[in-house]
Amino acid sequence: MSSGNRTVYERLAPPAAAVDAALAHSRHAVFWLEDAPGTSYSPLTADSAADLTVVGGGYCGLWTALLAKRRNPAARVLLLEAGTIGWAASGRNGGFCEASLTHGEENGRSRWPDEYDTLERLGQENLDALERDVRDLGLDCEFERTGTLNVAVEEHQVDWLRDSPGFLDASAVRREIDSPVLLAGDWEREGCALVHPARLARELARVSATLGVEIHEHTEVTGLDTGAGGPVRVLTGGGTVVSDRVALATNVFPSLLRRTRLLTVPVYDYVLMTEPLTAAQRASVGWAHRQGLGDLANQFHYSRLTADDRILWGGYDAVYHRGRRVRASYEERPETFHRLASHFLTVFPQLEDVRFSHRWAGAIDTSTRFVAFHGLAGRGRVAYAAGFTGLGVGATRFAAEVMLDRLSGLSTERTRLEMVRRMPLPFPPEPAAALGINATRWSLDRADHRQGRRNLFLKALDQAGLGFDS
Ligand SMILES: Cc1cc2nc3c(=O)[nH]c(=O)nc-3n(C[C@H](O)[C@H](O)[C@H](O)COP(=O)(O)OP(=O)(O)OC[C@H]3O[C@@H](n4cnc5c(N)ncnc54)[C@H](O)[C@@H]3O)c2cc1C
């Protein structure tokens with residue numbers, strides 16, 4: 001491959017020994033979950049009854065339960081979680097809480113040109129409301145409305161940024177974050193906040209319980225019996241809940257409804273966390289405004305500071321395993337962690353002495369339109385939302401409102417949206433799914449090596465409405 005076709009991470013790769021040293025003492029554990037105090041909730045052990053049963057104790061289920069109590073404090077609301085609160089994606093993500101409900105403007109405008117402006121406004125209102133909830137409910141989740149800094153690390157990416165309102169040239173962007181590979185940036189100030197992901201989940205559970213939501217951990221829902229009418233029977237090993245309404249917030253895990261099983265696939269995303277930086281190390285990178293950081297490649301990295309000045313560094317590889325399973329064994333992938341550590345040292349060569357303390361991974365609930373879908377089943381008694389595609393920290397709160405609107409039979413601005421009414425195309429069954437997803441990933445990597453130029457396969461996907469340009 002000629003040097004012109006190599007990415008900056010290949011042109012300026014650090015010595016392998018430096019990468020090995022940086023990773024040598026890392027543990028496979030989720031930093032956020034270790035750093036989030038929480039209560040445990042007992043499993044369900046007897047039959048019960050509820051006005052609303054929420055399945056899933058990630059953000060989507062937690063917001064649904066909490067907002068249901070806000071709408072109707074007298075309602076009996078149960079939340080059933082197979083593991084523990086926030087153990088899955090909600091407790092292990094990057095903590096970028098985006099206003100966008102559409103995974104960016106380009107994806108949104110191309111799919112819903114007529115309602116994009118409404119979607120943008122509703123997304124902004126959702127983030128503002130979430131910020132108000134954090135403040136008014138006293139959610140201790142290290143919320144910081146920093147915005148994001150999108151950066152160019154290759155010459156061809158600079159042109160993509162030039163017309164953006166927050167454009168920063170090389171010297172201006174390096175005054176924000178000091179890295180020799182940053183060529184330009186765009187600081188989007190309003191559209192994103194950062195949170196401590198696991199604390200947000202556990203705080204939502206704490207407040208929900210205070211409002212009267214009955215939470216049960218280690219309670220897997222094994223099936224729904226919607227019968228001919230009347231209440232739904234929610235089946236678990238510990239007892240059956242007879243419930244007027246049910247909200248399914250099970251994300252990437254096997255759906256309790258056959259109709260949505262082909263609508264998402266789990267794609268694994270990998271993350272490293274450093275030890276806390278010393279004052280001198282912190283000074284060497286600047287980063288006074290603590291923005292979320294993302295680069296513009298198809299295979300992009302995301303990065304941010306924690307409250308104790310660690311750096312989180314994730315993204316790039318996005319790995320799909322044939323068969324659509326969610327498995328703990330997929331979370332350990334040495335070659336990916338090495339690649340991530342190497343890229344980190346390319347971006348921050350001054351941090352060669354910094355060590356990674358944690359490494360982990362999680363499954364992204366990917367849908368073919370890269371945006372969540374919302375639906376209703378069981379003659380209007382069961383609502384569901386999933387497919388957030390790595391954009392669920394903020395969008396799950398919006399999805400919770402949609403589920404509650406629909407379960408109450410309300411017609412609102414939210415429920416009338418085409419984005420909400422229409423379902424995405426399903427993924428094909430195996431082996432076509434694995435072939436298609438892996439060909440897409442390979443092509444996106446090639447595009448990153450060819451100054452962003454997309455091959456025929458990607459152009460065909462774009463035409464079919466299945467393409468994605470981060
Ligand atoms: C590594 C990583 C980084 C990410 N970074 C970001 C980011 O920076 N910004 C962003 O916006 N998004 C990000 N995401 C995506 C975001 O985390 C998710 O979209 C969001 O957390 C989804 O929330 P959820 O409640 O739908 O799902 P989850 O948090 O996965 O919760 C679903 C819950 O349902 C439970 N469940 C499933 N089936 C059952 C059942 N049958 N019975 C009982 N319980 C059940 C599961 O145990 C689980 O706890 C990231 C994801 C990952 C993995």
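If you're wondering where the values come from, they're calculated on a predicted model, not measured in any experiment. When a ligand or atom number is given, it counts from 1 through the structure's own listing order. FYI, the numbering just counts along the sequence from 1.
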**Prompt:** More than 12 heavy atoms of other residues, nucleotides or ligands under 6.0 Å from CZ of Arg416: is that the case?
**Reply:** yes
Ignoring hydrogens and angles, write down the donor-acceptor pairs under 3.5 Å from the side chains of residues 36-46, residues two or more places apart or on other chains.
none

Kindly print each ligand 1 N/O atom paired with any protein N/O atom under 3.5 angstrom away, one pair per line, or none if nothing qualifies.
| from | atom 1 | to | atom 2 | distance (Å) |
| --- | --- | --- | --- | --- |
| ligand 1 | 5 (N) | Gly94 | N | 3.0 |
| ligand 1 | 8 (O) | Gly94 | N | 3.4 |
| ligand 1 | 8 (O) | Gly95 | N | 3.4 |
| ligand 1 | 8 (O) | Phe96 | N | 3.1 |
| ligand 1 | 9 (N) | Phe96 | O | 2.8 |
| ligand 1 | 11 (O) | Phe96 | O | 3.2 |
| ligand 1 | 11 (O) | Gly392 | N | 3.0 |
| ligand 1 | 11 (O) | Val393 | N | 2.9 |
| ligand 1 | 12 (N) | Gly390 | O | 3.1 |
| ligand 1 | 12 (N) | Gly392 | N | 3.2 |
| ligand 1 | 17 (O) | Ala89 | O | 3.3 |
| ligand 1 | 17 (O) | Asn93 | ND2 | 3.3 |
| ligand 1 | 19 (O) | Gly392 | N | 3.3 |
| ligand 1 | 21 (O) | Ser90 | N | 3.3 |
| ligand 1 | 21 (O) | Ser90 | OG | 3.0 |
| ligand 1 | 23 (O) | Ser90 | OG | 3.3 |
| ligand 1 | 25 (O) | Tyr59 | N | 3.1 |
| ligand 1 | 25 (O) | Cys60 | N | 3.0 |
| ligand 1 | 27 (O) | Asn251 | ND2 | 3.1 |
| ligand 1 | 29 (O) | Ser90 | N | 2.9 |
| ligand 1 | 29 (O) | Ser90 | OG | 2.6 |
| ligand 1 | 30 (O) | Asn251 | ND2 | 2.8 |
| ligand 1 | 41 (N) | Val221 | O | 3.0 |
| ligand 1 | 42 (N) | Val221 | N | 2.9 |
| ligand 1 | 44 (N) | Ala82 | N | 3.0 |
| ligand 1 | 47 (O) | Glu81 | OE2 | 2.7 |
| ligand 1 | 47 (O) | Trp87 | NE1 | 2.9 |
| ligand 1 | 49 (O) | Glu81 | OE1 | 2.7 |
| ligand 1 | 49 (O) | Glu81 | OE2 | 3.1 |
| ligand 1 | 49 (O) | Trp87 | NE1 | 3.3 |

**Fill in**
By side-chain hydrogen bond (donor to acceptor under 3.5 Å, both in side chains), Asp269 pairs with (sequence neighbours left out) Tyr302
**Prompt:** Excluding sequence neighbours, so at least two apart, what forms ring-ring contact (aromatic ring centres under 6.0 Å, His included) with Phe31?
**Reply:** His358
**Asked** With distance as the sole criterion, is a donor-acceptor pair present between the side chains of Arg355 and Ser26 under 3.5 Å?
**Response** no
**Prompt:** Is it the case that Arg290 places NZ or CZ above or below the six-membered ring of Trp287, under 6.0 angstrom from the centre and within 45 degrees of the axis?
**Reply:** no
